[in-house]
Amino acid sequence: MAKQVRTRFAPSPTGSLHLGGVRTAFFNWLYARQNGGVFVLRIEDTDAERSTEESSKGIIESMKWLGLDWDEGPFYQSQRLDIYFEHLKKLADKGAIYPAFDTPEELEAMREEARRAKKNPIYDRRALRLSKDEVQHRIDSGEEFVWRFKVPDEGYTEIPELLMGTQDEHKILNSTIGDFIITRPGTKDKPGMPLYNFACVVDDALMKITHVFRGMEHLPNTPKQVLMYNAFGYEVPQFIHMPIIMKNNKKMSKRDPDYDPRFPVSILERRDLGYLPEATLNFLALLGWSHPESQELLTTEEILKTFSVDRLNKANPNFDEDKYMHTNAWHLKNKSDAELVALTKPFMEKAGLDLSMYDEKNLERMMAMEKERCHTLAQFPEALSYFFVAPSTYEEKGVEKSFKNENADKILESAASMILGLADSDMVKETIDAKLAAFVEASGIKYGIVGPILRLALTGRTRSPGLHEVIEVLGKTETAARLQSARKFIGSLA
RNA sequence: GUUCCCAUCGUCUAGAGGCCUAGGACAUCGGCCUCUCACGCCGGUAACACGGGUUCGACUCCCGUUGGGAACGCCA
């Protein structure tokens, strides 16, 4: 029987979860769910300086919002320090690691020199050349040091890689790796905090992770990690390094100098901008993966059904805002009117619209009217505001084109009396539509003239959805009132 | 500089040697629909980076060039 699939998402809580991270989380989640596996959430907060509780909370909130549920965790590395120190001792006992006393300044100078000499800036192992006695003495005297992993001078390290490189593997020359540091500085009595390449390996091994989907920027870390798995005698997971999402021809990042705050990378900010989780997942999935039948508008369920590693692409994709928006609009249209009432509620309220003015049925009608037009949830308040606030001004262009028309006020007057003459039971879309048609017929004026005038009078705008629907939602009294005030306005034009 | 990765329309991509006169989607440009806007529908413009091989045949395989990207942290 095959081993149970176990994947994980292991963000560091040093900021908000961003779109790239979401994609990584999504692929790990997909793979676990698809294979009846386990998805683990682990917070990598060993960097006490930069990690914040707020970020952890944000990440968890983001994951929940996206619907990426996890089976185990969240684990916090900061609460697992004992485990790392135990493992550190194992490595030290084996002689796989050694203490180094170099200061950051010294290391920087070494790197600088290597760069000048146009050589690969790897550690020159000067700490390894210290005598045993000297090392012991310096440690005993309380001097700070870090632990470095001793990388073999010769041979290759193979990483089990399913995507990048040729074949199913990837070979790195050991001589190019360099002895990397696995803990922050510590003393004999106060051990240094574990660093990424160390804590990550220990956790992935202990949590029995079988597959790691992560960004390609981690590829250079991988041989180091494989070396550590080997040193512990742990099994190495399968890696799938995904291409990096680009924006402006650079890795997508909030630190990009061309970063445009209108298009945030933070997933929670996208949420607040009115993007839907399923649209976000859909769009992100297609950045590096393609559907077997080239379908592009997919529910999470459909992605789950058809996802496979062999349809993953290797080239770095570009983040296309237009396509993201288009995908969002599609998912929006797929929502029921009732769902949309709920989804848009926070946006409507934030815009100060008083939803209690209408009953649920009317609100649903509004959604039905606008969901073809809006691309994000945030666009609904603006699109529907005329239902909540009677127009006090009218669009200039419309005034010019329609109100300054010869008989605008006469047309409005007869329209008003027509509507006032309607029975309450007639105030439904179909009947209004028929009555309007009859009215147009009887007056002998083209709908193309009557329509725009009525629309402008009722909404203040030249662009809005079906007239009959507007009238139906507005009701007889409000409709009549708006027509009256528009007539007054037209009168004031002369 | 070193190491590694990548390379099809403007963008995301399909393409596993003949199905390719290279398909789809977004964007864009026309047109239709229509009381407006949008949706929808129809149509157009638009790509295999280059050079060598291998092969009867290369977008597909190999090598090189060029181009792009990433990493080179006591961040993750």
Side-chain angles (χ1 to χ4, degrees), chain A residues 10-14 44-47 49-51 100 102-104 107-108 111 114-122 144-148 163-165 170-173 175-178 180-186 192-193 195-197 199-200 214-223 241 243-244 246 249-251 283 286-297 310-311 313-327 329 333 369-375 383 398 401-402 436 440 446-456 459 461-468:
Chain A
S12 68
T14 53
E44 307 218 325
D45 58 349
T46 57
D47 187 345
E49 305 262 303
R50 300 201 306 149
S51 298
D102 317 276
T103 65
L107 292 173
E108 185 46 47
R111 276 193 289 268
R115 252 185 270 271
R116 251 204 318 274
K118 300 192 188 300
K119 289 204 301 211
N120 190 15
I122 60 173
E144 278 202 332
F145 63 93
V146 299
W147 287 99
R148 275 188 188 267
L163 185 59
M164 290 300 166
H170 195 100
K171 281 183 177 175
I172 305 293
L173 203 55
S175 59
T176 63
I177 297 174
F180 52 97
I181 299 174
I182 66 168
T183 66
R184 291 182 172 75
M193 290 280 273
L195 252 14
Y196 170 68
N197 279 133
C200 178
R214 50 160 45 155
M216 228 196 48
E217 67 270 22
H218 283 291
L219 198 50
N221 276 322
T222 314
H241 286 97
I244 292 166
M246 310 287 282
N249 300 316
K250 281 164 295 226
K251 183 174 162 184
F283 172 69
L286 261 15
L287 246 33
W289 174 79
S290 60
H291 181 95
E293 278 141 47
S294 293
Q295 313 237 110
E296 312 217 336
L297 271 357
D310 54 7
R311 294 197 66 83
N313 211 56
K314 292 160 130 179
N316 297 341
N318 227 288
F319 194 95
D320 183 349
E321 291 291 346
D322 285 332
K323 199 150 185 174
Y324 186 15
M325 185 75 96
H326 177 264
T327 308
K333 258 191 295 187
M369 288 166 66
E370 285 301 334
K371 71 177 170 185
E372 296 285 322
R373 239 164 306 258
C374 290
H375 294 181
K401 235 178 130 181
S402 298
L436 271 175
V440 167
K446 284 190 178 129
Y447 210 153
I449 295 170
V450 178
I453 292 176
L454 281 177
R455 175 173 301 104
L456 189 63
T459 68
R461 312 171 185 194
T462 54
R463 307 193 294 177
S464 90
L467 220 33
H468 32 67

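Order of the sequence lines fixes the chain letters, A, B, ..., with proteins taken first and strands second; residue numbering starts at 1 for each chain. Side chains are part of it too, since the values below use all heavy atoms of this structure and drop only hydrogens, waters and symmetry mates.
Base-pair partner of B:rG10: B:rC26 (Watson-Crick or G-U wobble, both distances under 3.5 Å). Nucleotide B:rC33 is matched to nothing when pairs are restricted to Watson-Crick or G-U wobble geometry with both distances under 3.5 angstrom. In this structure, B:rC20 forms no base pair with any nucleotide, since neither Watson-Crick nor G-U wobble geometry is met with both distances under 3.5 Å. The pairing partner recorded for B:rA47 is none, the criterion being a Watson-Crick or G-U wobble arrangement whose two distances lie under 3.5 angstrom.
Annotation for A:Ser290 and A:Arg311: closest pair O-NE, 2.9 Å, computed over non-hydrogen atoms. Shown here for A:Leu163 and A:Pro243, the closest heavy-atom pair between the two residues is CD2-CD, 4.1 Å. Taking each heavy atom of A:Lys314 and A:Gly165 in turn, the nearest pair found is NZ-O, 3.4 Å. Shown here for A:Gly451 and A:Leu467, the closest heavy-atom pair between the two residues is O-CD2, 3.6 Å. Nearest heavy atoms, A:Pro465 versus A:Arg373: CB-NH2, 3.1 Å. A:Ile181 approaches A:Thr183 most closely through the heavy-atom pair CG2-O, 3.1 Å.
Between the P atom of B:rU36 and the CZ atom of A:Arg461 lies a distance of 18 Å, rounded to the nearest Å. Atom CE in A:Met216 sits about 9 Å away from atom P in B:rC5, given to the nearest Å. Computed from coordinates, the A:Tyr447 OH to B:rC35 C1' distance equals 6 Å when rounded to whole Å. Note: NZ (A:Lys250) to P (B:rG69) measures 9 Å, nearest angstrom. Between the CZ atom of A:Arg455 and the P atom of B:rU34 there is a distance of 15 Å, rounded to whole Å. When rounded to the nearest whole Å, the span between CG of A:Leu163 and P of B:rA70 equals 18 Å.
Nearer the 5' end of RNA chain B, as judged by each residue's closest nucleotide, is the contact made by A:Lys119, out of A:Gly466 and A:Lys119.
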- request: Apply side chain to side chain contact (heavy atoms under 4.5 Å, CB included) to the pair A:Arg148 and A:Phe180, showing each step before the final yes or no.
  value: CA-CA 5 Å; A:Arg148 275 188 188 267; A:Phe180 52 97; 5.7 Å; no
- request: Take A:His241 and A:Glu217 through the test side chain to side chain contact (heavy atoms under 4.5 Å, CB included) and record every step on the way to the result.
  value: CA-CA 8 Å; A:His241 286 97; A:Glu217 67 270 22; over 6 Å; no
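To the nearest 0.5 Å, the span separating OH on A:Tyr196 from CD on A:Glu44 amounts to 6.5 Å. Separating the OG atom in A:Ser12 from the CG atom in A:Asp45 is a distance of 9.0 Å, to the nearest 0.5 Å. One distance of note links CD1 of A:Ile182 with CG of A:Asn197; it measures 9.5 Å at 0.5 Å rounding.
The shortest distance between the side-chain N/O atoms of A:Lys314 and the OP1/OP2 oxygens of B:rC6 is below 4.0 Å.
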Between protein and nucleotides 12-14 of chain B, what N or O pairs are separated by less than 3.5 Å?
unit_1 : atom_1 : unit_2   : atom_2 : d
B:rC12 : OP1    : A:Asn318 : N      : 3.1
B:rC12 : O2'    : A:Leu286 : O      : 3.1
B:rC12 : O2     : A:Lys323 : NZ     : 3.2
B:rU13 : OP1    : A:Gly288 : N      : 3.1
B:rA14 : OP1    : A:Ser290 : OG     : 3.2
B:rA14 : OP2    : A:Asn313 : OD1    : 3.3
B:rA14 : O3'    : A:Arg311 : NH2    : 3.4

Close N/O contacts between protein and nucleotides 39-44 of chain B (under 3.5 Å):
unit_1 : atom_1 : unit_2   : atom_2 : d
B:rC39 : O3'    : A:Lys333 : NZ     : 3.2
B:rC39 : O2'    : A:Glu372 : OE1    : 2.6

message: I need a per-nucleotide contact map over nucleotides 71-76 of chain B, read 5' to 3'. Cutoff is protein heavy atoms under 4.0 Å; write B for the base, S for backbone only, - otherwise.
response: SSSBBB
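Residue A:Met193 is classed as having no contact, given no heavy-atom separation below 4.0 Å to the nucleic acid.
A:Thr222 and A:Arg214 are linked by a side-chain donor-acceptor pair at a separation below 3.5 angstrom, with hydrogens and angles left out of the test.
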